[in-house]
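Just below is one structure, and these are the notes that go with it.
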Amino acid sequence: MAETITHDVVIVGAGLAGSWAAMTASQQGVKDIGVLSKIHPLRSHSGAAQGGIAAAINNTRPVAGTGPRGPLEMIPEGDELIDSWELHMFDTIKGSDWLGDHDAIELMVKEAPDIIYEYEHLGCVFSRLPDGRIAQRRFGGHSVPRANYSADYTGHVLLHTVHEQALRHGTKFYSEWYCMDLIIEDNICRGVVAMDILTGEIHTIRAKAVMFGTGGYGRAFKITSNAFANTGDGVAIAYNAGVPLMDMECVQFHPTGLYRHGILMSEACRGEGGYLTNANGDRFMENYAPDKMELAPRDLVSRSEQKEIDEGRGVGSDGQGIYLDMRHLGREKILERLPQVRELALEFVGADMIDTPVPIQPTAHYSMGGIPVNVDGQVLASADGTPVTGFFAAGECACVSVHGANRLGTNSLLGASLFGKRAGVKMAEMVLGGAKLMPISGDPAGKNEERIKALMNREGKENVEDIAQELKTTMTDNCGIFRNDEKLKQALEDIDELQGRFKNASIMDKTNRFNTDVLAAIETDHLLTFSEVIAASAKERKESRGAHSRTDHPKRDDENWIKHILATKDKSTEEPNLSFKDVNIDWERFPPQERKY
């Protein structure tokens, strides 16, 4: 049997949320921190973020009289404010379609500038204005330029900055270790079970505090901007351990994924002035969001694109694409501000955006729902706010909820950084305050070894990859940008059938070392688990709000649906039991209003 490993703090996931938590806890004085990552930590999906990180630091404004598409200029230091945390808060609440909790949003936007300057002081390489201050660009749904950026590599430079600081403070990274189980007894988190992928050994890892920073679950859909690793493992593991999931029906589709690939063409393309055109050459956003045009929020732009496609004005051999036109920006600006996305378009669709429109289409991008947490990252066991002692989550796998039904671009890197940091502070407070290493009953590692053996010993005729692909097809077709009761019912029936077939799926590789067949099977099991929650929650929410758009309930219903949906796994049927929690609304300052752009 493999040895039991012990740490004061164990963090699962090495992206921005996990790395911030590790760095911060170590800065606070915690000496024994382990971070598990199923891939190399610097391949974490945070590094794929391109366009920017939001904060109202007020360095840039549009030139007067040029309109929303005009050029930007520096704001002289000490000059009048055009941006503020209050405006950032309103934009975020409006973007969330009043499903975000106002107290959490207020905390996030108030602390955002400090996060930017902390990055700067850690050595993060931001793009700069001529006077040396951090450059800012426009992003969808934001009233003013608020995206602090590093060309179109923003996530990459942020992740490298924090990762090296976590290493500097002595954090131990377990590269290519896969978390399989969460150990919760008597509402106290006592550790995790993880596999060393290289050897196949299963270890129980005990800890005083555990944090999940495991990212999103876009791989449940056929066309997605998400990395292959984004299979929602943390969300599924928490759900299987009895933790509820919140607002899982709210899945964001990004307007500009590369045609047929889904690879992200950053919102910075539109922030810098790119156009969206249909097969007739029309800039169709003037019909849907005449004030914001291409810089309307992502849910609105994605629906607009899909409508153009559905009505026969799409591009490409199957008519399922739209054009992103950057030619008018000129070669110099594209090479300076957007070098990575130009390279991606060249490599994957053979289009050079300097002189050719790039075919794109909506792509599953971001998970607004996830593990319910408070602003300190403490996981909540129920709608009444009772925390699971010693269990934390931050980043895309967590639901604070600051993004509500639709996240604004650049608020993701902010949320992952800020709430990862706050979780790190709270875990350190817990550990340094005398938290004990709690005993573990039974043999969690042995239970998971039996799970692996059962997978390897199956002799059924079903193929794991076929099941995964059929799941992605039904999720895309029936639980995608546009939904209705009939489609969602079909999705649930398909998922139920696929879950049954999965029990008869076999794997070819029977060895222990770096067994990717076993990993793919476990990931597919996770996809099937939380996809049922997405579809069930979407069927329950009988309205359209943010990214959740139902053709049979096309209006937002504030009377009945300003509430979060929580799903808990039924121990007998293994189906989701749904309950509800009120959204924290500041009715005096930010009452719900019609969402126009």
Side-chain angles (χ1 to χ4, degrees), residues 48 50-51 140 152 218-228 251-289 292-329 334 338 340-366 409 469 472-483 487 547 549 551:
Q50 296 165 336
D152 58 355
R219 280 282 149 188
F221 296 85
K222 190 190 296 184
I223 300 292
T224 178
S225 64
N226 283 202
F228 284 99
V251 179
Q252 181 177 86
F253 286 76
H254 196 290
T256 54
L258 275 176
Y259 176 60
R260 289 188 167 175
H261 296 278
I263 298 166
L264 189 64
M265 297 291 285
S266 172
E267 192 162 313
C269 294
R270 288 170 289 129
E272 297 292 354
Y275 300 155
L276 295 173
T277 61
N278 59 22
N280 301 330
D282 302 324
R283 279 183 72 190
F284 55 85
M285 284 308 300
E286 63 187 4
N287 300 321
Y288 302 98
K292 290 285 188 184
M293 292 292 285
E294 286 86 359
L295 285 176
R298 291 171 177 175
D299 61 322
L300 199 160
V301 180
S302 290
R303 284 194 297 275
S304 304
E305 290 180 344
Q306 195 60 49
K307 190 171 182 184
E308 292 293 306
I309 290 166
D310 292 347
E311 293 179 357
R313 294 183 291 277
V315 305
S317 58
D318 58 0
Q320 294 300 302
I322 289 292
Y323 280 132
L324 173 64
D325 193 345
M326 310 286 291
R327 292 173 294 177
H328 56 285
L329 298 183
I334 288 171
L338 304 164
Q340 181 181 204
V341 290
R342 174 179 177 255
E343 189 177 318
L344 289 170
L346 266 170
E347 186 168 339
F348 287 95
V349 297
D352 188 343
M353 63 167 59
I354 290 172
D355 49 36
T356 309
V358 178
I360 50 93
Q361 68 185 114
T363 181
H365 180 62
Y366 191 86
Q469 291 305 319
K472 294 172 187 192
T473 296
T474 194
M475 289 297 288
T476 299
D477 294 346
N478 297 312
C479 199
I481 293 176
F482 291 113
R483 304 163 172 178
K487 284 185 171 185
S549 182
T551 56

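What you see below is based on every heavy atom in this structure, not just the backbone, and it leaves out hydrogens, waters and symmetry mates.
Within the 3.5 Å criterion, the main-chain N or O of D282 finds no donor-acceptor partner in the side chain of N280. No donor-acceptor pair closer than 3.5 Å links the side chain of D325 to the backbone N or O of G274. At distances below 3.5 Å, at least one donor-acceptor pair connects side-chain atoms of Q50 with backbone N or O atoms of S266. Listed for the H261 side chain is a donor-acceptor partner under 3.5 Å among the backbone atoms of F348. Side chain of D152 to backbone of V341: a donor-acceptor contact under 3.5 angstrom is found. S304 places no side-chain N or O within 3.5 Å of a backbone atom of M285 that could act as its donor or acceptor partner. Using modelled atom types, one side-chain atom of Q361 and one backbone atom of R260 make a donor-acceptor pair closer than 3.5 Å. Judged by distance alone, the side chain of T363 and the main-chain N or O of G262 form a donor-acceptor pair under 3.5 Å. The main-chain N or O of G140 is found under 3.5 Å from a side-chain atom of E267 such that the two form a donor-acceptor pair. Using modelled atom types, no side-chain atom of R313 and backbone atom of N278 make a donor-acceptor pair closer than 3.5 Å.
Scanning both residues, A289 and L300, for their nearest heavy atoms gives CB-CD2, 4.1 Å. Between V301 and P255, the closest heavy-atom pair is CG1-CB, 3.5 Å. Nearest heavy-atom pair across R303 and A547 is NH1-CA, 4.2 Å. Summarising the geometry of G51 relative to A268, their closest heavy-atom pair is CA-CB, 4.0 Å, with the distance given to 0.1 Å. Scanning all heavy atoms of the two residues, the minimum distance from A364 to G218 falls at CB-O, 4.2 Å.
Considering CD1 of I263 and OG1 of T256, their distance stands at 12.5 Å, rounded to 0.5 Å. Distance check: L295 CG to L276 CG gives 9.0 Å after rounding to the nearest 0.5 Å. Rounding to the nearest 0.5 Å places NE2 of H254 at 11.5 Å from CG of N226. The CE atom of M293 lies 8.5 Å from the CG atom of N287; values are rounded to the nearest 0.5 Å. In this structure, the separation between CD on Q306 and CD1 on I309 is 4.5 Å, given to the nearest 0.5 Å. In this structure, OG1 in T473 is found 12.0 Å from CZ in F221, a value given to the nearest 0.5 Å.
Proximity of H365 to S302: side-chain heavy atoms (C-beta onward) are nowhere separated by under 4.5 Å. Within the 4.5 Å cutoff, the side chain of Q252 has no heavy atoms near those of the P297 side chain. You'll find the side chain of I322 stays beyond 4.5 Å of the side chain of T277, heavy atoms only. In this structure, the side chains of R298 and F253 stay at 4.5 Å or more apart for every pair of heavy atoms. Side-chain contact between R483 and C479: present, with at least one pair of heavy atoms (C-beta onward) separated by less than 4.5 Å. Side-chain contact check for T476 versus I223: every heavy-atom pair is 4.5 Å or farther apart. Here the side chains of F284 and E305 are in contact, with some heavy-atom distance below 4.5 Å. Between M265 and L258 the shortest side-chain heavy-atom distance falls below 4.5 Å.
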Test log, rule side-chain contact (heavy atoms from CB on, under 4.5 Å), inputs V315 and Y259: CA-CA 10 Å; V315 305; Y259 176 60; over 6 Å; no
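By the 4.0 Å N-to-carboxylate-O rule, D355 lies too far from R327 to be salt-bridged with it.
Applying the 6.0 Å contact sphere to CD of Q469 captures more than 12 heavy atoms from other residues, nucleotides or ligands.
In this pair, Y275 and H328 present their aromatic rings parallel. The plane angle is below 30°, not in the 30 to 60° band.
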